[in-house]
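First comes the structure, then the notes that go with it.
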Amino acid sequence: MISPSISSARSRGRGIVQLTAGHTHGPITRLMSPGDLGELVKPFVFLDYFEAPSSGGPQMADHPHSGIATHTTLLQGSVGYRDSTGKSGTLRAGSVEWMQAGGGVWHGGDLRPGEPVRGYQLWVALPAPLELEPAFSQYLDPEAIESDGRVRVLLGSHGKQRSPIAEVSRLAYLHVRLRDGEAWRYQPPVDHDVAWLAVNDGKLHVAGTVVARRMAVFEE
């Protein structure tokens, strides 16, 4: 938790304590995992950036999860999805998949031939009471994601906007799109004690550092 004793640090802005390009294997760049930056930013534990060219890429074979939740944000292209709760369909650019694995679930997908695909998949640790609950999945079209024009609220809330995904932890996960030269300031809620960002396109000037295709972790 952030305490009043560090309010002066908050007012000056947080410095960057870790900066990484992650590890790339084929179309996937793993920016954090539980063995590295995931230790610093719990309940966030994994972050993958995926980018498959128009010539196609590997299909997402059905695979299991348990005890965690996955949040997939599709930035470009379209992907077919299916899961063991019985849901299936197609995600398009701007869509979100929320998979609350609970006691166990299988999910997978199919890339559309000839379409480049880009996006992020975030893994979130579930609170203990939800770790063994029945699996729950939610697929949201772009129109269901609240936005103020610059910020899309993927989890939690920002200003008057709120994600349609029910809160499982006190956190915020935002998709921010800025024009060239545009400035934006974020003031986290007082009970949020970790902060990070990932840049997939362009360059971001923040905390005296230029971040491009990197993940940055800030001071508590």
Side-chain angles (χ1 to χ4, degrees), residues 20-34 36-38 44-65 68-101 105-124 135-147 149-155 163-165 173-180 196-204 211-216:
T20 180
H23 303 282
T24 299
H25 299 281
I28 296 175
T29 298
R30 177 145 295 170
L31 292 163
M32 70 169 164
S33 65
D36 45 60
L37 298 186
F44 309 102
V45 289
F46 267 101
L47 182 65
D48 285 347
Y49 174 69
F50 55 88
E51 186 172 22
S54 58
S55 58
Q59 302 302 304
M60 294 171 285
D62 290 1
H63 56 280
H65 293 290
I68 53 94
T70 65
H71 186 293
T72 304
T73 307
L74 197 60
L75 301 177
Q76 181 181 9
S78 58
V79 176
Y81 66 82
R82 58 188 176 272
D83 68 57
S84 57
T85 72
K87 295 182 180 178
S88 63
T90 300
L91 296 174
R92 54 193 173 93
S95 297
V96 162
E97 177 202 64
W98 173 251
M99 175 58 68
Q100 196 167 308
V105 71
W106 288 73
H107 70 161
D110 302 299
L111 303 184
R112 299 303 189 227
E115 288 189 48
V117 173
R118 296 188 304 116
Y120 282 100
Q121 186 172 85
L122 174 71
W123 294 20
V124 179
F136 169 76
S137 63
Q138 194 170 358
Y139 299 88
L140 302 171
D141 290 332
E143 297 77 16
I145 310 300
E146 292 195 11
S147 171
R150 293 189 298 180
V151 181
R152 302 172 68 231
V153 182
L154 305 180
L155 287 173
S163 169
I165 299 170
Y173 183 40
L174 311 175
H175 177 199
V176 183
R177 294 171 292 187
L178 302 178
R179 296 185 299 273
D180 187 23
W196 58 268
L197 62 81
V199 178
N200 74 86
D201 189 32
K203 296 179 180 179
L204 183 70
V211 182
R213 296 184 73 89
R214 298 287 192 274
M215 176 180 173

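Model, not experiment: these values are computed from the prediction.
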Test side chain to side chain contact (heavy atoms under 4.5 Å, CB included) on Asp110 and Arg82 and set out the steps. CA-CA 9 Å; Asp110 302 299; Arg82 58 188 176 272; 2.8 Å; yes
Identify the two heavy atoms, one from [X] and one from [Y], that lie closest to each other, and give their separation to 0.1 Å.
X: Leu31; Y: Leu37; answer: O-CD1, 4.0 Å
X: Ser163; Y: Leu155; answer: CB-CA, 3.7 Å
X: Ala21; Y: Thr29; answer: O-CG2, 3.4 Å
X: Ser137; Y: Met99; answer: CB-CE, 3.5 Å
X: Val176; Y: Val151; answer: CG2-CG2, 4.2 Å
X: Pro164; Y: Gln138; answer: O-NE2, 3.5 Å

Hey, mind stepping through Leu178 and Arg150 against side chain to side chain contact (heavy atoms under 4.5 Å, CB included) and telling me if it holds? CA-CA 6 Å; Leu178 302 178; Arg150 293 189 298 180; 4.0 Å; yes
Please tell me whether Arg112 and Thr90 have a donor and an acceptor in their side chains that are separated by less than 3.5 angstrom.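 Yes - a donor-acceptor pair under 3.5 Å links their side chains.
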How far does [atom1] of [X] sit from [atom2] of [Y], to the nearest 0.5 angstrom?
X: Leu122; Y: Thr70; atom1: CG; atom2: OG1; result: 9.0 Å
X: Arg152; Y: Ser147; atom1: CZ; atom2: OG; result: 7.0 Å
X: Leu204; Y: Arg214; atom1: CG; atom2: CZ; result: 13.5 Å
X: Ile145; Y: Ile165; atom1: CD1; atom2: CD1; result: 6.0 Å
X: Met32; Y: Leu47; atom1: CE; atom2: CG; result: 5.0 Å
X: Thr85; Y: Gln100; atom1: OG1; atom2: CD; result: 11.5 Å

Using only atom types and a distance under 3.5 Å, with no angle test, would you say the side chain of [X] pairs donor to acceptor with the backbone of [Y]?
X: His63; Y: His107; value: yes
X: Asp141; Y: Glu143; value: no
X: Arg118; Y: Asn200; value: no

Exactly one of Trp106, Phe136, Trp123, Phe46 should register a ring-ring contact (aromatic ring centres under 6.0 Å, His included) with His65. Which one does?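 Going through the options one by one, the only one that passes is Trp123.
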Would you say that Pro116 contacts Pro53 through its side chain, given a criterion of any heavy-atom pair below 4.5 Å between the two side chains?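 No. Closest side-chain heavy atoms not under 4.5 Å.
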4.5 Å side-chain heavy-atom contact, Tyr139 and Leu91: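 Contact flag for Tyr139/Leu91 side chains = yes.
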Look at the rings of Phe44 and Tyr173 and say which category their plane angle falls in: under 30° parallel, 30 to 60° tilted, over 60° perpendicular.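 Tilted, since the angle between the ring planes falls between 30° and 60°.
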For the NZ atom on Lys203, are there more than 12 heavy atoms of other groups (residues, nucleotides or ligands in this structure) within a distance under 6.0 Å?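 No, because the 6.0 Å sphere around NZ of Lys203 holds 12 heavy atoms or fewer from other groups.
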If we check side chain to side chain donor-acceptor pair (under 3.5 Å) with Gln121, which of these qualifies: Asp48, Thr73, Thr72?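 Only one option passes, and that is Thr72.
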Is there a side chain to side chain contact (heavy atoms under 4.5 Å, CB included) between Arg213 and Tyr49 once you walk through the steps? CA-CA 10 Å; Arg213 296 184 73 89; Tyr49 174 69; 3.6 Å; yes
Check step by step if side chain to side chain contact (heavy atoms under 4.5 Å, CB included) holds for His175 and Leu75. CA-CA 10 Å; His175 177 199; Leu75 301 177; 3.6 Å; yes
